[in-house]
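The structure appears below as structure tokens.
Reminder, nothing fancy here: chain letters follow the sequence lines and each chain counts from 1.
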Amino acid sequence: MTQQIDQTGLSPEKNPKISSNGSHTPPGKVNDFAIRFATVNGTGSASANNLILKAIFRMGVPVSGKNLFPSNIQGLPTWYEIRVNGSGFTSRANSFDIVVAMNTQTYQTDIDSVRSGGYLIYDSSWFMAPKLMREDVNFLGVPFSTLFAEEFPESRERILMRNIGYAGAVAAAISMDPGVVSQLLDETYSASERLRNSNHKAFQLGYNYALENFNCPLPLRLEAMEMNRDKIIIDGNTATALGCIYAGASVAAWYPITPATSVAENFTKLCSRYRRETVTLEDGTTKVQSNFVVLQAEDELAALGMVVGASWAGARAFTSTSGPGISLMNEILGLAYYTEIPAVVIDVQRTGPSTGMPTRVQQADILECAYASHGDTKHILLFPANPEECFSFAVEAFDLADRFQTPVIVLSDLDIGMNDWVVDKLDWDDSYQWNRGRILSADELETISKFYRYADEDADFVTPRTLPGVSSKGAYFNRGSGHDRFGAYTESPEGYVQVVDRLAKKHKAAARYIPEPVLELRDKARFGVITLGSCEMAVKEAVASLAEDGMPLDYLRVRGFPFSDSVKNFIDSHEVNVVVEQNRDAQLRSLLILETECLPSKLRSVLSYGGFPICTEDVVDGLLNELKD
Amino acid sequence: MTQQIDQTGLSPEKNPKISSNGSHTPPGKVNDFAIRFATVNGTGSASANNLILKAIFRMGVPVSGKNLFPSNIQGLPTWYEIRVNGSGFTSRANSFDIVVAMNTQTYQTDIDSVRSGGYLIYDSSWFMAPKLMREDVNFLGVPFSTLFAEEFPESRERILMRNIGYAGAVAAAISMDPGVVSQLLDETYSASERLRNSNHKAFQLGYNYALENFNCPLPLRLEAMEMNRDKIIIDGNTATALGCIYAGASVAAWYPITPATSVAENFTKLCSRYRRETVTLEDGTTKVQSNFVVLQAEDELAALGMVVGASWAGARAFTSTSGPGISLMNEILGLAYYTEIPAVVIDVQRTGPSTGMPTRVQQADILECAYASHGDTKHILLFPANPEECFSFAVEAFDLADRFQTPVIVLSDLDIGMNDWVVDKLDWDDSYQWNRGRILSADELETISKFYRYADEDADFVTPRTLPGVSSKGAYFNRGSGHDRFGAYTESPEGYVQVVDRLAKKHKAAARYIPEPVLELRDKARFGVITLGSCEMAVKEAVASLAEDGMPLDYLRVRGFPFSDSVKNFIDSHEVNVVVEQNRDAQLRSLLILETECLPSKLRSVLSYGGFPICTEDVVDGLLNELKD
Amino acid sequence: MPSIRKPLIPLAPLATNGIGLTVRDYEGAMSTLCAGCGHDSITAALVQTFFELDTPPEMVAKLSGIGCSSKTPTYFVSGAHGFNSVHGRMPPIVTGANAANRDNIYIGISGDGDSLSIGTGHFVHAIRKNVNMVYIIENNGVYGLTKGQFSPTSDVGSTTKRGVPNEVPPIDPVELALSLGASFVARSFSGDKKQLIPILKAAIEHHGFAMIDVISPCIQFNNHQGSTKSYKYIREHELNEIDSVFLRASDQITAELPADSRMSVAMHDGSVIMFRTLPDNYDPRDRAGAVNYVTEAKARGEVPTGLLYVDRELPDIHDLNNTTPEPLINLPFDKLCPGRGELMKFQESFR
Amino acid sequence: MPSIRKPLIPLAPLATNGIGLTVRDYEGAMSTLCAGCGHDSITAALVQTFFELDTPPEMVAKLSGIGCSSKTPTYFVSGAHGFNSVHGRMPPIVTGANAANRDNIYIGISGDGDSLSIGTGHFVHAIRKNVNMVYIIENNGVYGLTKGQFSPTSDVGSTTKRGVPNEVPPIDPVELALSLGASFVARSFSGDKKQLIPILKAAIEHHGFAMIDVISPCIQFNNHQGSTKSYKYIREHELNEIDSVFLRASDQITAELPADSRMSVAMHDGSVIMFRTLPDNYDPRDRAGAVNYVTEAKARGEVPTGLLYVDRELPDIHDLNNTTPEPLINLPFDKLCPGRGELMKFQESFR
Ligand SMILES: Cc1ncc(C[n+]2csc(CCOP(=O)(O)OP(=O)(O)O)c2C)c(N)n1
Ligand SMILES: Cc1ncc(C[n+]2csc(CCOP(=O)(O)OP(=O)(O)O)c2C)c(N)n1
Ligand code: SF4
Ligand code: SF4
Ligand SMILES: [Mg+2]
Ligand SMILES: [Mg+2]
């Protein structure tokens, strides 16, 4: 039996209270549900969605927020999904307990996405076609438009406030602490009493309407916890930018591209904050000076060229981009590899091939990045799984690039980079000193008889470099054409081979410096599950739930390439391993086969590549399917 | 005991005749030796070297000519190597029976490259440092400069004629039929009596000097055979260009790059010959019209862009490039893959990474080409082994590209592309009709109710396309962004996945259409040898010689990717297979592992990547090393 | 186009053009751009232009790069093939398509970022090759689709939404095209259909590369105070001294010729561009004069619009190549393949 | 440089410059270019220039793309760091290097193919950014290293060795740079050291992007009859009306100032460019005038050379950015890393 609802959608007052024992109402779920907000982009729903997310966070409950937005600017459907999970598993949900349907264009999809027994909150000021109704879903109409038309006569404000209104309705429905929301609104609009007041009012309108008309709280309840004391909400791109700042990067070059743009934009903002000094000039006047340069390049080839130039000259430099940019950077990646110039590249992956779906996620640049460029080339890769690692791996990337004098590509993705993640507060050890690798100073050059760029390798097969402007004794000719260990031009097989052989060894040697894989081992596990990056949450939850169901699995998350021996050992020590990743062609699996030389049959695949972040359910199903006897 | 030679090099007359039984003189070798000509580039030695090559060819003896030239225009050392082998194995030699040392800068290297017991022919007009002399080599001084200074007072001519002079000396040494040479000179200079005469004279000067002063013929002898009756001498780039002509390509776009330049330049020349028509205009005048367009693009991105544009519009179009160009084409290769537009790319590989050694060979673009571009992409590759296959595979490439509506990359290399190969005369079946794949005409469009670009797949997962300008009923929107099977823009997982899943299947389906691997099976062979492209000659000779020595090996040469089942079967049916290829990172082996899912341990490697074409000896040593018990 | 759904049944029967099509037949999919985006007005002008020119839809080939502007080919002439390619690379794609089939009418739509940042080299070389196409830069002085970064046409002093001023001097596509010797150079304003449509018509008829820089405000990221590409700024600073009309050969018989024409430029097919107003001593066939006019106006803070320069004689790719008049794609295989006999003959020299 | 080996022991002791170095100290490896290549003369001019400017070799950073021209950085100032990069991408590499260390003297060497074909976009945008560097196009109107294809500066009618004429109109780097507002634009001829050296000096001193288009004949592929970039053609068609000398601040005290100076342009460090001859009414600070002069001379078939235009006021990247005067590479880590305390503070807003 469904709740009785207004079939026309026009008389919201008639919406009855929900009986808490309605047959489709699930048993009460505490801190374990998912909400989806369906809106139109460009209508300012972000602040309402964020308000809910932050309030849940402040109540100490694990939560995540994922934005599924279209590749346009205004007027198309967009979704924001919040998953609340007291156990901390906050991968994307694949069906929703509450759907807030504010976009009539997508009613059908949105109603479909409510799980059986869940709730649909919609604007009952407008007509809801009866054929859209689902028997097994509770339709909660709120006459938002009518309600807000009275209170907010100005149209732009009305639209914005209506959003805060649905946040209010949701807050009531999930028994959110109104004090937390109130506090949040006060903080957010501390600068404007007017905005503060109207937001409060809008929130209350929605909140009260829900309270009065529905049987609140619904059987989905928030209860305050203490899980977020040392946590923050942050997206990966902000964290990456912060990492670049902390690593001491002073030159950034970039070309705008979704979903990487906010790395450079955040870096620029952070530079304004941390890298500007006011100095007093000789004439007594003061001047603000910049301890950084950010270059908006004409394209991605130029962006990486600038990074290579800056690194050659001696700065820590980076660029951020996404798949199409990586493709364009292929030639210069090879140049940096062969001439041994550090370069940090942040690849925030999106759905390919080609332009693909720019606002959707994938992990499909793995193979291209590993072997980018013609000829024999191999790069160092890092695979952060969340914003916290975006921060620390950014720093790591610069150390590795300097240490190994080679490009390091950090493979983040849209889910990590642009969504809202709750992670441990970022920490910093003030005793950290950057590792600039082997750079000879003028003084050091004085102590040697003659400097040869590609000779005198250390245990990791790295040779010392010198910087222009320092000493003519260190002068050498950097060239992407054939060179021997002395740095001289060569076309001789021996001279050439000696250098490229060392490069191959150097790449291998880097394995020891790559962040070790994360392991979660379980007693009696016969099978292994291997994953990377933003799959982490879904895979961990899947593994935990299968363990509960009596199928213990060992878990390994690789965090970089070249792989350390522990990866090979893990593979070898399981009958079968399933590699979970977000691309069509099993790219991580391919890289593992090639670089660990393991038996291909030991590695199976669970793949998710439709462009939405991977869901736990898909992983569970996939694992069961691959591991069924 | 060495031959008695003039230690100063100043008195050539004192060079004694060679005693045919000198202790270091090898037993007479008939049609089995190698000659190296060491000269300076830009001095016109090509015609002399070619004269020798052609004369040997005309004597019916299997021969090859390989040019090892520097990446500059004039004044640096350059070598031309001729290998004569009656059994038809004409891979590059790794030591030489005769070295003609015309470049004092490289005396050391050149003298080192003479095999023990071999001969050095040098210009004894100049000083030869005693320390360069080798006890085990016969030094045959010819006072070229002195001799030719008298006869050819004009300096440019003298230099050119001196080259013909050393050709004469070599001809005498190896008992070449002077009639053949004479005939060749008559043909070559049929247009100019003066040139004809001076060339004859120059040749005779060298020839006679050798005859008179050395014990000619040396124990290395040519004997006429009948092996070349249906053969030609041709380089791969010319053959490729010819293939493009025969395939009906009407648009070419390119950007100059060694060693691919001559593909486009030859295509242009051939178009002038075969694709110009004289038409009579209405006013009675005549006009020459071109049935082709060749576009010299501003860069490689543009070159491939033009090809994609032309193919989209309905022409057969191609570009030719080398590694750096492939790197630059990554983005647009992904566009063509995802939008399913045919595109033929000829990659004449050179030594990487980066600019590398532009005039040296490697097969190191295999992995990059197989998976070029970000996102999940896979391309069709063809691997010609010689100019004959360059011709036929070029045609094949267009058929495949049209049939599968996708880029096809032909991986030739510098050795094939720019060296002189003796191959079977190219043949053509006049009943051949191009396979343009599924293109709907206006009439066909009339018969269907509605056209959807990515629907209605055939057994090979190919869907029909339409061309602009034909019918508005066939109009569709080609886009590199997410699209569904109807061709509509999509950001929906299902719509997107449906198309990319079909693309993966389409790529697999192409395996049946790729030229089958070449097999050479031997009784009782336990091990397999797998190779590709220009390794063929060296590997075949190695395998033949090992078979003679009691180690029968099975041989397989892959000719394209995706691999057919026969490749996997071959691998599986041998305990161990050795993959012979010319790159550092075992790229073919990697591709085989990934795409056949064979046991990595079944595939071992013999790699040659110093930039000179692979030698039989290296293969023999490598195989013995890998297969030793 | 347009952003608002049309009623399914037109209230009055729509007028038809010379080939019996209505203006509706020249529309495309519904625009997904922001309501009020300048680009949508350009789309509308294109719809009207093709309708008035009686263009068979299948003769049109619409190509673009990536950007809000580059999305617009979807929104006009749904009966034409379209190609939304990759960022900055539309010019070579058109060049190739044009090589293969010279009969199509090629409309390239690009943005200021697409053409003058990542695509600079291709833009320059398409001009140099005088590819026969209409090249429209929907110039909003900003990267729309990536949300508001400066583009190479952002003027010094123009600010972002947040108020950060641009400091790098802009590239002016008109000056650049003139300096490179483009054969047809115009500037217009998306808000001025009356000016834009005749220019579009002339550009379509022009044999060679016709560049139209259309100032097209981005209401989302660059329509505010401080922007030099806002509706307000252009309305206040436009220097609209050049007024041209385009008359097809057939029009010239039926329609009344404008009496006030100051100059007319005859096109190859008999159509004609009539300049009704021109600045004193201005000759749109004089490149140096056009450069001067543009430079001086700019120095005064004005934005000169109109059909600024046209050279009817510059040969295009096919002229230089003497390509057969038949589109290459129509050549039968036996015209392209020399056959076995020729192959045998050819190889005689390879022995 | 140069192509012929020097005797190991100089016959007479060589003169030293202000920092005690001889001209030999400014040479590099032996050239591997063709004997007689114009590029070698440019190298020689650079050697002389640095010697005369008393430049500490380690202050020089030499960068290039790919081509015969791009090989030449190996042939001068062996005590300087060099970077022979990839085809067409030298400008962004210099831009990045300059961002990191503003103190080096950046010399970018490129070819006409490198700069105006594959590198067009980068060339244009380095001009737009006014990167502080000397940018030399060793312009031979041909692709030398790949053996004689036409480049974007091949003039119409210029033929290949085989006699095939070029038909696509050329891009003139001087016109292009002027149109883009480059802050220093000159043209010279590799065969004219007297003209080239003062221009090089001024370019090195210039704060901003200094473009020098040096016509530099390729004796191998483009020095024949029919070529407009041959020694003969340039010698016959050069319009050499602008003659400048460059005087460092110190020179002005010791040396006699040229009495015949018609105009002088003071540089920021006190050095001065003296124009000894100038065409009538020509002001090298007037961009429009320079454009006119170049266009008109070209129309007459002449090749105008000299320091054509200089704008001393255009800000470079660092000026716009207010970058600290200290090269960024010298900033210690603790100036760059805000430390733990700031991180904690920053994260307060993330709760
Ligand atoms: C290779 C590549 N780099 C970057 C992008 C991201 N991108 C998409 S549109 C765009 C800029 C569009 O600006 P413009 O051409 O001015 O068009 P507008 O949106 O302003 O109309 C960029 C940078 C991309 N799609 N591809
Ligand atoms: C990406 C890429 N494409 C093509 C080439 C081949 N290439 C080397 S030099 C050159 C042209 C050089 O011409 P130019 O810049 O005029 O220099 P020049 O040799 O004439 O001095 C080309 C096309 C290359 N090295 N890299
Ligand atoms: S963002 Fe700007 S350019 Fe893009 S659609 Fe909106 S108004 Fe138009
Ligand atoms: S080919 Fe031409 S440009 Fe290259 S070195 Fe020789 S003369 Fe100079
Ligand atoms: Mg724009
Ligand atoms: Mg050149």
**Prompt:** Considering the options D/Val174, D/Ile109, D/Asp213, which one meets the side-chain contact (heavy atoms from CB on, under 4.5 Å) requirement together with D/Ile137?
**Reply:** D/Asp213
**Message:** So, applying side-chain hydrogen bond (donor to acceptor under 3.5 Å, both in side chains) with D/Lys229, which one of D/Asp155, D/Asn140, D/Asn139 is it?
**Reply:** D/Asp155
**Message:** Heavy-atom cut-off 4.5 Å, strictly under: side chain, backbone, both or neither for D/Val168 against chain C?
**Reply:** both
**Asked** Quick one: what part of D/Leu180 sits under 4.5 Å from any heavy atom of chain C, side chain, backbone, both or neither?
**Response** side chain
**Asked** Which residue out of D/Arg128, D/Glu167, D/Glu296 racks up the most heavy-atom pairs below 4.5 Å with chain C?
**Response** D/Arg128
**Message:** If we define contacts as heavy-atom pairs under 4.5 Å, which of C/Gly181, C/Pro152, C/Ala288, C/Gly88 has the most with chain D?
**Reply:** C/Pro152
**Complete:** So OH of D/Tyr282 and CD of D/Glu241: to nearest 0.5 Å the spacing works out to 10.0 Å
**Prompt:** Would a 4.5 Å heavy-atom cut-off, applied to side chains only, mark D/His207 and D/Asp319 as touching?
**Reply:** yes
**Message:** Counting C-beta onward and ignoring hydrogens, is there a side-chain heavy-atom pair between C/Met133 and C/Thr95 closer than 4.5 Å?
**Reply:** no
**Request:** Could you please state which residues from residues 112-122 of chain D sit under 4.5 angstrom from chain C, measuring non-hydrogen atom to non-hydrogen atom, sorted by number, or 'none'?
**Result:** D/Leu116, D/Ser117, D/Thr120, D/Gly121
**Message:** If the threshold is 4.0 Å, N to carboxylate O, is there a salt bridge linking D/Asp172 and D/Arg187?
**Reply:** yes
**Asked** Checking D/Pro315 against chain C: side chain, backbone, both or neither under 4.5 Å from a heavy atom?
**Response** neither
**Message:** Just verifying a value: how many Å separate D/Thr228 OG1 and D/Asn222 CG, rounded to the nearest 0.5 Å?
**Reply:** 7.0 Å
**Asked** Between D/Ile171, D/Leu314, D/Leu178, which shows the greatest number of heavy-atom pairs under 4.5 Å with chain C?
**Response** D/Ile171
**Prompt:** How long is the span from the CG atom in C/Asp283 to the CZ atom in C/Arg285, to the nearest 0.5 Å?
**Reply:** 4.5 Å
**Request:** Give the C-alpha distance, both sets of side-chain angles, the deciding distance and a yes or no for side-chain contact (heavy atoms from CB on, under 4.5 Å) between D/Ser183 and D/His206.
**Result:** CA-CA 9 Å; D/Ser183 58; D/His206 176 69; 2.8 Å; yes
